[in-house]
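Chain letters run A, B, ... following the sequence lines, proteins first and then strands; every chain starts at 1.
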Amino acid sequence: MTTGEAGQAGIRMESSTALHTQGQTHDEDGSLFGWDPMTGIVSVWAQRDGRALIWRRVKDEQGERIDRLSDHFHPWLFATILEDVTHPGTNLLPEGTPCPTGHAIWFRELDGPTGSYRYLLSSTDGRLLEREILFGASHRLNYQVKNISELEHTYYRLGPVEQYLMATGRVYFRNLNYEDLHRLQFDLETTALDPRQGRIFLVSIRDSRGFEAILEAPTANDERRLIIDLCRIIRERDPDIIENHNLFGFDLSFLSRRAASHDISLTLGRRGPGGTHAILEGREETLAIGPEARRRTRYSVAGRELIDTLDAVRRHDFVVRDIPSYGLKEVARYFGIASPKRVYIEGSEIYNTYMREPEMVRRYALDDVNEVDGLSRRLLGAPFALASMAPRRYERLASAGPAMGILEPILVRAYLRARTALPCQATYDSGNTEIEPHAGGAVYLFASGVAEHVVKADVASLYPSLMRTFKIGPASDRLGILLTILGRLTDLRLAHKEAARVAEPNSIDSNHHNATQAAMKILINAAYGYMGAGQMALFSDGRAANEVTSRGRAILSQVLRSLEARGTLPIEADTDGVYFAVPNDWSEEQERALVAEVGAELPSGIRLEYEGRYRAMLSHEVKNYALLTYNDKLIVRGVALRSSRAEPFGERFLRQALHYTLLGNIPRVRQIFLDTVNALRDRQLTASDVATRVRLSKSPATYRTSRSSHQEPAYEALLNAGRDEWLPGERIRFYKGRGQRRYIWLPEAVAEESTTPQHWQQRRSSQSHSTTQERQDYDIEHYVQVLVTSYAARLRKAFSPEDFNQLFTLDQPGLFDLYEHPIEEIRPRLERENAALTL
DNA sequence: ACTCACCGGGG
DNA sequence: GTGTACGGTGAGT
């Protein structure tokens with residue numbers, strides 16, 4: 001086949017293989033899953049010149065292997081005008097007209113309103129297309145246009161891979177399971193964080209086929225060899241995916257800097273366009289001369305997908321908002337994938353430890369890559385499933401925003417396929433009167449303090465349900481694609497949820513269905529946000545977004561009125577959910593029946609769900625509360641009930657005090673308070689109980705310059721200890737000692753550089769005279785004040801002012817103190833609030 | 001109290 | 001550029 005005769009469509013491509021010629025296309029699902037049946041794609045590389053490479057993982061009688069296909073496609077873009085390519089030098093032909101020389105620009109006029117992207121332009125070579133446009137535009141605008149991106153509202157152009165996938169209807173991973181991927185993790189251990197100051201001394205490698213290796217460079221002279229070996233091993237193992245935690249921010253940038261310093265190239269890819277192994281490509285975004293490089297570089301390599309589990313963690317936490325730290329070790333523990341035998345070494349001690357005990361560092365480094373594998377399995381199922389829907393690379397989908405990064409490409413693919421004009425935001429903006437200010441979900445605080453017998457109910461997928469029920473989609477989406485796929489996704493998601501439920505837990509099947517439903521949830525939830533995305537989004541529609549939220553507020557009001565009418569007490573409500581208190585003698589069945597009753601009054605398609613019941617709730621502020629479950633678990637939500645300082649003694653106090661406040665055992669709260677005060681005053685607490693842990697951001701030099709104008713406790717603590725060297729990023733603990741401005745550094749345990757948490761516990765309890773752990777020279781009154789003002793204060797809403805003062809006074813109540821009631825009679829209170837906020 | 005710059009993560 | 005982060009925190013006023 002020659003590209004010139006690519007049939008009626010200048011856009012449509014033909015494969016060098018005939019693999020995709022059979023297999024039916026489901027048209028309605030084509031917009032969601034693509035339509036080309038080619039299976040097993042694990043990577044795609046495409047270039048502006050119209051060349052594309054596809055790597056497929058195929059399994060047949062001969063076993064499993066990777067096939068590489070070469071392909072050609074016609075690079076394309078949307079245009080609002082045709083003018084730039086109508087000059088005499090351009091061979092402009094209607095789409096579908098054969099061109100023997102191949103030097104043509106094809107065009108097609110699309111159905112769409114004036115001002116929209118009504119022209120589809122394509123060519124055998126995208127560079128030719130761009131040259132012609134730049135030439136024409138420069139002429140038209142009377143200045144030198146250097147890049148298509150300067151012509152923002154005239155042309156809509158995507159990256160080559162997106163163009164290829166959208167034009168062909170191909171997607172990644174069709175008929176593959178996550179477990180089929182060949183994933184490799186590697187982790188660098190270096191002598192410093194900065195590649196100008198340090199070098200790689202060890203690399204751990206593992207892959208999903210059972211391979212494990214350690215490469216070492218004991219001396220600086222060995223580093224070059226190590227890098228070459230690392231590249232060779234990756235080529236030999238030939239994984240589809242390379243993964244690590246902070247892969248882009250650290251490992252690849254460090255590696256490429258060190259490789260450059262040895263003048264070697266990182267041949268990590270599969271055989272690329274030139275037939276040789278592809279070299280890692282990175283785009284350093286110019287870092288200013290400042291102390292540190294801020295922006296991250298995106299790396300890519302032909303034939304493999306690069307996955308940073310840090311991105312996956314961020315995205316996960318964007319939804320759950322519960323991960324305290326995004327560090328690999330912390331996250332691994334959070335997800336329960338850290339091995340009990342995991343070796344922990346403080347970052348700055350890794351190289352020192354290696355010098356003394358190399359075996360320990362080897363184990364540490366392998367633990368790292370194993371945890372990355374665990375994280376990937378836990379978090380990358382959804383992006384994997386998304387990659388079999390959206391026309392983008394897996395590695396991009398793993399870090400893309402769900403609206404602009406995933407949903408929009410799906411919409412654009414559908415418009416391209418339907419040969420329909422894309423809306424142009426610029427024309428919509430000017431055509432419409434100013435969009436009214438955007439109002440979001442309603443947030444109410446009806447009561448603060450302690451309530452008992454609390455129920456949580458919420459509307460399942462409120463915004464998507466409203467969009468679907470009331471058919472609210474972007475006006476500019478003339479094909480109605482967003483609502484079509486929203487409906488399809490909602491139905492399919494339910495089916496996958498059900499399939500996951502009946503599948504054997506943790507089986508490949510259940511993982512697949514779970515990942516797919518999670519991916520669909522991401523898309524479903526993105527639909528509303530996408531409409532409100534403003535001029536960023538091609539199909540945004542502020543008016544439609546407003547209609548969704550206003551209907552949402554109406555639904556929430558209806559639920560609240562209905563709950564009140566039935567004798568329950570709403571406590572707080574936020575957009576789609578409400579906490580409310582029910583009479584003491586209600587059973588769970590009664591609660592559920594109530595929720596069902598209230599839900600039955602809502603429009604069909606809007607489902608109110610019973611989410612849970614709690615023995616008690618401390619309502620502090622909107623979105624800030626503590627819950628006690630019926631099996632005695634304390635749940636704390638919102639920043640207002642947490643301390644940013646996080647001295648261990650205060651955290652401990654607050655949790656216990658919250659717990660007993662919610663149980664109504666107020667004498668016990670007083671007792672805990674007094675015990676804590678006494679423990680402080682009797683110096684029963686250790687320095688580590690009162691110490692704050694902070695991360696140093698300034699280098700010694702930076703701090704020295706700002707010190708005279710403003711002293712910072714953390715650095716003063718180090719300087720007081722005679723330490724005038726430290727590294728930015730280092731975490732230290734310190735506490736306040738006696739005397740003005742006396743801050744004391746609390747070094748980490750130094751007896752062993754590494755220890756498992758279990759060892760740690762043992763050492764603390766068994767070695768009673770360890771030097772650093774047992775220091776007690778803290779400033780007693782300072783920490784008593786912290787206890788009162790920073791921790792006890794968080795219980796203020798639970799009591800009347802008098803009761804609160806009595807409960808947390810530092811004076812032992814004397815005989816003559818006249819309090820309204822004795823401690824035994826204090827009850828937590830519940831105050832009605834009249835503040836109803838709309839955010 | 002409120003704005004503003006900076007940080008995250010990696011050895 | 002094989003596209004655009006963002007939300008929390010502590011310092012400074």
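The distance between atom CD1 of A:Ile350 and atom P of B:dG10, rounded to the nearest whole Å, is 10 Å. For the pair A:Leu188 CG and B:dG11 C1', the computed distance is 9 Å after rounding to whole Å. Whole-Å rounding puts the A:Arg157 CZ to C:dT4 P distance at 15 Å. Rounded to whole angstrom, the span from the CG atom of A:Leu328 across to the P atom of B:dG8 amounts to 16 Å. The CZ atom of A:Arg314 sits 14 Å away from the P atom of B:dC7 (whole-angstrom rounding). The nearest whole Å value for the distance from the CD atom in A:Glu330 to the P atom in B:dG9 is 7 Å. Separating the CZ atom of A:Arg48 from the C1' atom of C:dT2 is a distance of 8 Å, rounded to the nearest angstrom. Atom CD1 of A:Ile406 and atom P of C:dT4 are 12 Å apart (whole Å).
Distances from the side chain of A:Tyr326 to the nucleotides B:dG11, C:dT2, B:dG9 place B:dG9 closest. Of all nucleotides listed (C:dT4, C:dT2, B:dG9), C:dT4 comes nearest to the side chain of A:Met404. The side chain of A:His245 approaches B:dG9 more closely than any other nucleotide in the set C:dT2, B:dG11, B:dG9. Of the listed nucleotides (C:dA5, B:dG11, C:dT2), C:dT2 has the atom at the smallest distance from the side chain of A:Arg393.
A salt bridge links A:Arg392 to A:Glu162: at least one charged side-chain nitrogen sits closer than 4.0 Å to a carboxylate oxygen. We find that A:Glu305 and A:Arg393 are joined by a salt bridge, their nearest charged nitrogen and carboxylate oxygen being less than 4.0 Å apart.
Base contact: A:Ser149 has a heavy atom under 4.0 Å from a base atom. Among the atoms of the strands shown, only primed sugar atoms or phosphate atoms (P, OP1, OP2) are found under 4.0 Å from some heavy atom of A:Asp187. Within 4.0 Å of A:Ala46, counting heavy atoms only, lies at least one base atom of the nucleic acid. Residue contacts shown for A:Gly327 are limited to sugar-phosphate atoms, with no base heavy atom under 4.0 Å away.
As rounded to the nearest Å, B:dG11 and C:dC6 have C1' atoms that lie 26 Å from one another. A gap of 15 Å separates the C1' atoms of C:dA5 and B:dC6, to the nearest Å.
Looking only at side-chain heavy atoms (C-beta outward), A:Ile406 and A:Leu523 come within less than 4.5 Å of each other.
Between the side chain of A:Arg199 and the main chain of A:Thr191, no donor-acceptor pair closer than 3.5 Å is present.
Between the side chains of A:Asn147 and A:Ser149, a donor-acceptor pair is found at a separation under 3.5 Å.
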